[in-house]
Amino acid sequence: MNIYDIKKTGPRFKTGDLTNIDIQMWGSDNHYPHLCLGLLSASVVGKECAERYAKFLMGFGFADIGLASMVVNRRNQRANAVLRSAADDLANLHGFALHFNYNAAGQKTTMTPVPFENCRLGIEDDWGAVQYIAVHPDWAMTSGKKKIKAPNKNTIDYIDVYNPDPGVVLAQIERAGGIENYKGQILWVSKAGGYNYPTVKYDAASTDLSTDEGLANVRYRNVRNNFFPAGMLVTVSPTKIEGDSEDTDDEDGFDPEKFKAFQGDENVAKMVSIEVSNIADAPQFVEFPTKNYDKDFTVTSQSTTETIYSAFGQEAFYRLKSGSLGFSQDIISDTYNMYSEYTTFERDMLAETFTEAFRGFAGAPGISEAVINPLRYDPA
């Protein structure tokens, strides 16, 4: 079989222009990042791996203590907090965005992280350039907040893309009608490069993330909704006579409300007492057969977990967790240091971006490079 005989797959998500709101859609429904975040948050394994990935991207923060502790926006966030937000978005969505305000001299005065899922690329102009980033607090309208209105030209902020050239900034301020009306600029950073929508790191493992959620549901229902009574004792009711026309039992002899008392983990090993009208049928003890589904899904659970770990490049952590690597300080140290090297490219991307972000920043004179200390395992 050659490459042309293999079943072809489509793109991971579709893009196109939504001319009614002047944006490029991110996915056929414009909800790709929201769907990915929902998938990730519903998977225990996926969430754990993403958090570990973000932790290694963040490292120990900026090496320059003065830079790390510097307040950089009106929310009183310090530079390390902004770095942490960027690392989280880069881990979860393979991109991040930073908003800048400027003063009348064209200097950067604030730097604020913008949730990457809230950003959409503007439609390219005649020269193929993106001139603005469209920002809305809830493109998918899933927050349920009444004050958030559906995306339209009146509820979307269209903010100029990052260009710190003082001449450009001053021209934008003038075009906005003054500094008080100026919305600033947004620096868009995508793992896909340039002004392109990225594919999330765990996209290829999306079915496994969904499977992990499904397995958790099976385990939950297995414990909470399975039948675990020891059995039932059938006795004769002195108040019931065979053929009594006043018998109020259900026609099928089954009362579902009573049966609920013997369902789930809190009712394990309870005994059911049932009264019957015919002594010939009693007494007898009837055991309830039970079905435990955990063993049926053991292989699926293991392969799903391993695939998700692999999607984040964390195979060594999986082997460490499963015990196949053994357990010692040296093994843990090697695992940490290896993953720290694995995440070097993304961490360098963060460092390069913040080096540029602090260039010309009014509150950070003299900072030439925003170095990030990589995470290392210290047994002490």
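Numbers here simply count residues along the sequence, with the first being 1. Keep in mind that what you see is a predicted model, and the values were worked out from it rather than measured.
Remark: side-chain polar atoms of T355 are paired, donor with acceptor, to backbone N or O of A370 under 3.5 angstrom. In this structure a side-chain-to-backbone donor-acceptor pair under 3.5 Å is missing from T335 to A316. No donor-acceptor pair closer than 3.5 Å links the side chain of R347 to the backbone N or O of I372. At distances below 3.5 Å, at least one donor-acceptor pair connects side-chain atoms of D212 with backbone N or O atoms of V44. The main-chain N or O of L90 is never found under 3.5 Å from a side-chain atom of E346 such that the two would form a donor-acceptor pair. H99 places a side-chain N or O within 3.5 Å of a backbone atom of K183 that can act as its donor or acceptor partner. Under the 3.5 Å distance criterion, the side-chain polar atoms of E124 are left unmatched by any main-chain donor or acceptor of A129. The closest donor-acceptor contact from the side chain of S43 to the backbone of L40 lies at 3.5 Å or more, if one exists at all.
Checked against the 6.0 Å centroid criterion, the rings of Y132 and Y195 do not qualify as a close aromatic pair. Note: F100 and Y162 meet the aromatic proximity criterion, with ring centroids under 6.0 Å apart. For an aromatic pair to be called close, the ring centres must be under 6.0 Å apart, and Y32 with Y197 fails this.
No hydrogens or angles considered: nothing links the side chains of D160 and Y182 as a donor-acceptor pair under 3.5 Å. Side-chain contact of S310 with E315: a donor-acceptor pair under 3.5 Å is present, judged by distance alone.
Residue F56 is grouped with residue Y377 when hydrophobic side chains (ILVMFWY) are merged at heavy-atom distances under 4.5 angstrom, including chains of intermediate members.
Ring geometry, H34 versus H31: the interplanar angle exceeds 60°, so the pair is classed perpendicular (tilted spans 30 to 60°). F312 and Y53 have perpendicular rings, their planes meeting at more than 60° on a 0 to 90° scale where under 30° would count as parallel.
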